[in-house]
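Worksheet: one structure, shown below.
What's counted below: heavy atoms across the whole structure, side chains too, no hydrogens, waters or symmetry copies. Computed from a prediction, not measured in an experiment: that's the story for all the values here. Letters go in sequence order (proteins before strands), and every chain restarts at 1.
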Number of protein chains: 2
Amino acid sequence: MREGLQPGDRLPSEPELIERFGMAKGTIREALRLLDAQGLVKSRTGPGGGTFVHEVSQQRAEALLANYFYFKDLTISDIYQIRRVLEPELVADLAGALSPRVMEELRDILASYSDPATTDEEERDQHVATLQFHKLLADQSANPLLSFLIGFMLTILTDITVYRKLYTPINRDLWARGLDYQTRLLDALETGDSGAARAIMKAHMQTAGPLMEGQEAFSLKRFLSH
Amino acid sequence: MREGLQPGDRLPSEPELIERFGMAKGTIREALRLLDAQGLVKSRTGPGGGTFVHEVSQQRAEALLANYFYFKDLTISDIYQIRRVLEPELVADLAGALSPRVMEELRDILASYSDPATTDEEERDQHVATLQFHKLLADQSANPLLSFLIGFMLTILTDITVYRKLYTPINRDLWARGLDYQTRLLDALETGDSGAARAIMKAHMQTAGPLMEGQEAFSLKRFLSH
DNA sequence: CCCAATTTGTTCGTATGTATC
DNA sequence: AGATACATACGAACAAATTGG
């Protein structure tokens with residue numbers, strides 16, 4: 001940081017660091033591992049190789065943050081409490097600002113679950129797809145913090161959905177209402193009606209939220225492993 | 001994780017790990033450094049020492065997450081967009097649920113800036129104190145995610161306030177209004193009026209927010225260093 | 001107060017794997 | 001195909017810190 005290195009820039013080679021800091025190879029390598037674990041550098045072997053500054057990926061940041069919650073009793077309803085306020089905020093920003101390319105992608109995802117699921121497995125896949133719908137929206141935000149936070153919550157919810165049958169009871173009524181919400185949301189986003197987008201998402205979150213409260217409270221420990 | 005180790009539990013000693021995985025000392029130590037950097041273990045020398053599982057501290061989690069935003073163009077107004085919706089949610093939860101002990105602490109903090117600042121330095125200290133007021137509230141939440149997110153934003157804002165004269169122009173009107181908001185908020189929290197607490201905080205955030213928008217947009221790079 | 005045992009921390013020398021020219 | 005420049009891994013030794021006798 002002090003030397004203003006940018007992603008892609010090469011750190012001094014190990015022998016150079018040994019020379020510069022007057023330390024042994026092992027010590028230098030342990031130090032580099034500390035940066036490695038934080039996702040700040042990546043190393044490559046061979047000529048032209050070395051250790052390079054690397055932008056911390058969203059995936060890495062999510063994994064590191066998940067470690068923190070490994071020791072906390074975070075529940076599904078805790079997550080929904082945050083989603084309930086952040087996602088309406090998100091779509092209010094996005095109304096009228098989405099590219100045709102993204103709009104099309106959103107419609108594609110929506111189409112992937114336009115028919116009710118018939119099996120538990122199909123049901124699970126559809127739920128993952130709805131989460132992808134929200135994820136794609138989150139990725140469009142100009143606010144990196146908002147984008148990350150929603151993405152983080154969606155990753156947790158997706159992991160839980162995949163590794164555990166979270167949404168087992170098939171509920172056709174809920175499915176129909178969710179589909180209706182998202183269809184109307186797309187319209188509001190396209191026409192640029194920020195207020196409507198916010199209201200629709202808010203209502204959507206308020207129906208999805210209480211459903212989760214019914215689930216037993218449980219810690220996320222078993223899902224957070226890398 | 002696989003062996004269900006809890007915070008405080010000891011990992012095998014280095015010689016044991018060397019034996020168990022059939023690897024050299026340096027390799028084992030680099031692996032332990034990876035866990036160390038994530039805040040998952042701490043090592044102590046001497047008899048009775050070793051490497052111990054450790055709960056990831058909030059401070060560490062914040063620092064690791066800050067690394068992610070080091071490469072993003074996060075602005076003050078991005079942060080306020082999130083605060084604006086999360087902090088009202090926080091105080092709505094907290095209304096009527098705070099211990100007399102905490103209420104007293106909150107009043108103490110409030111009292112520490114009950115007189116208008118006369119110097120820039122005093123002004124800065126008062127702003128840090130107002131952030132502490134919010135931090136103390138965040139710490140009371142039963143929702144670990146909500147608690148962490150607000151705490152994270154407050155840490156960033158505090159760092160900026162301390163290391164840079166963010167709030168330089170002394171604005172007595174704003175000071176008076178902020179004090180009024182917080183006083184009324186304390187009353188609402190004490191009487192357990194959840195709706196009022198939410199409304200007051202919302203209004204508070206909406207006056208503080210636009211003030212920040214006036215600040216030039218800038219990245220947080222220079223502040224995020226550990 | 002000092003000594004001895006235990007455990008992590010550090011060093012050095014060497015060898016191996018890997019990618020590039 | 002071979003030389004070169006890297007990171008990666010190994011092994012033996014020594015240093016430093018902490019604890020208990």
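With C:dT7, D:dC10, D:dC6 as the candidates, the nucleotide lying closest to the side chain of B:Thr45 is C:dT7.
Contact annotation: side chain of A:Lys25 to base of D:dT8, donor-acceptor pair present below 3.5 Å.
Going from atom CD of A:Glu30 over to atom CG of A:Leu35 covers 12.5 Å, rounded to the nearest 0.5 Å.
B:Arg33 places its CZ atom 8 Å from the C1' atom of C:dG9, with the value rounded to the nearest Å. Put simply, NZ on B:Lys42 is 12 Å from P on C:dG9, counting in whole angstrom units. Taking atom CG of A:Leu17 as the reference point, atom P of D:dA7 lies 8 Å away to the nearest angstrom. Straight-line distance from the CG atom of A:Leu11 to the P atom of D:dA5: 20 Å, rounded to whole Å. Atom pair A:Phe21:CZ and C:dG9:P shows a separation of 19 Å (rounding to whole Å applied). If you measure from atom CD1 of B:Ile18 to atom P of D:dC10, you get 10 Å, rounded to the nearest angstrom. For the pair B:Glu19 CD and D:dC10 P, the computed distance is 14 Å after rounding to whole Å. Between A:Glu14 atom CD and C:dG13 atom P the separation is 16 Å, expressed in whole Å.
Looking at heavy-atom distances under 4.0 Å, B:Gly50 makes contact with sugar-phosphate atoms alone, never a base.
B:Gln81 and A:Asp93 share a donor-acceptor pair across their side chains, judged by distance under 3.5 Å alone.
Applying the 6.0 Å contact sphere to CD of B:Glu19 captures no more than 12 heavy atoms from other residues, nucleotides or ligands.
Between A:Arg29 and the phosphate of D:dT8, there is a side-chain N or O to OP1/OP2 separation shorter than 4.0 Å. Between B:Arg44 and D:dT19 there is no side-chain polar atom (N or O) within less than 4.0 angstrom of OP1 or OP2. In this structure, A:Thr27 reaches the C:dT11 phosphate: one of its side-chain N or O atoms is under 4.0 Å from OP1 or OP2.
The backbone N or O of B:Leu136 lies less than 3.5 Å from a partner atom in the side chain of B:Gln140, making a donor-acceptor pair. Using a distance-only test at 3.5 Å, with no hydrogens or angles considered, a donor-acceptor pair links the side chain of B:Glu122 to the main chain of B:Thr118.
Nucleotides of DNA chain C nearest to A:Met23 and B:Pro47 differ in position, and the one nearer the 5' end is that of B:Pro47.
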